[in-house]
Amino acid sequence: MSGYEQRYEQLREIIAEVLEIEPEELTDTGDFAEEYDADSLRAIEIVARIDKQFKVEIPQSELPELRNLKTTYDAVARHAGWQE
């Protein structure tokens, strides 16, 4: 498993835990609010856990962009400086 895949799956597990679903239920493009009933508090919790796990700070202003696993991964990668 590549570093990318490892981080992607770690992120999937973190988000699934906050959303109280199984990791395999979380699709790459499933909208957190529409498909998994996430509210703004859950979004904040997701970001807090990401900050802690990956030692990266995602600005609160970007919260609206973090709508699914893929866009969230892209934001984390950008702020963490991960080179794929």
Side-chain angles (χ1 to χ4, degrees):
M1 189 181 281
S2 70
Y4 163 80
E5 290 169 321
Q6 205 169 1
R7 290 189 295 255
Y8 202 87
E9 289 311 309
Q10 270 186 298
L11 195 57
R12 182 188 307 272
E13 287 175 23
I14 291 167
I15 294 169
E17 191 175 311
V18 174
L19 298 179
E20 297 177 359
I21 60 173
E22 292 300 317
E24 55 273 11
E25 291 178 64
L26 182 61
T27 64
D28 292 349
T29 56
D31 188 278
F32 296 157
E34 290 175 17
E35 292 185 40
Y36 306 108
D37 297 325
D39 56 15
S40 57
L41 287 176
R42 293 221 176 165
I44 291 166
E45 187 178 344
I46 287 169
V47 170
R49 289 193 190 198
I50 289 169
D51 288 355
K52 190 174 178 190
Q53 174 76 34
F54 296 109
K55 309 283 189 270
V56 60
E57 197 169 316
I58 297 175
Q60 293 283 326
S61 61
E62 289 191 26
L63 271 177
E65 296 172 34
L66 310 181
R67 301 195 54 80
N68 60 49
L69 178 58
K70 175 145 185 17
T71 58
T72 303
Y73 180 87
D74 292 345
V76 175
R78 187 170 64 248
H79 289 287
W82 294 341
Q83 300 300 314
E84 303 305 345

Exercise. Could you give me the CA-CA distance, side-chain angles and deciding distance for Lys70 and Asp74, then say whether salt bridge (Lys or Arg N to Asp or Glu O under 4.0 Å) is met?
Key: CA-CA 6 Å; Lys70 175 145 185 17; Asp74 292 345; 3.1 Å; yes
Please tabulate, for side-chain N and O atoms in residues 52-59, each donor-acceptor pair with protein atoms closer than 3.5 Å (sequence neighbours left out).
from: Lys55; atom 1: NZ; to: Lys52; atom 2: O; distance (Å): 3.1

Identify each donor-acceptor pair in which a side-chain atom of residues 16-26 lies under 3.5 Å from a protein atom, sequence neighbours left out, and give them as a table.
from: Glu17; atom 1: OE2; to: Arg49; atom 2: NH1; distance (Å): 2.7
from: Glu25; atom 1: OE2; to: Glu22; atom 2: N; distance (Å): 3.0

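The distance from the NE2 atom of His79 to the CD atom of Glu62 is 3.5 Å, given to the nearest 0.5 Å. In this structure, Asp31 CG and Leu69 CG are separated by 12.5 Å, a value rounded to the nearest 0.5 Å.
Side-chain contact annotation: Asn68 with Thr71, donor-acceptor N/O pair under 3.5 Å present. Side-chain contact annotation: Asp28 with Tyr8, donor-acceptor N/O pair under 3.5 Å present.
Pairs of residues two or more places apart, or lying in two chains, never qualify as ring pair (Phe, Tyr, Trp, His ring centres under 6.0 Å) while including a residue from residues 15-50.
Other residues, nucleotides and ligands contribute at most 12 non-hydrogen atoms within 6.0 Å of the CD atom of Glu34.
Taking all atoms of both residues into account, the shortest heavy-atom contact from Pro64 to Arg67 is O-CG, 3.1 Å.
For the pair Leu66/Ile46, no side-chain contact is recorded, criterion being any heavy-atom separation below 4.5 Å from C-beta on. In this structure, Arg12 and Tyr73 have side chains that are not in contact, with every pair of non-hydrogen atoms separated by 4.5 Å or more.
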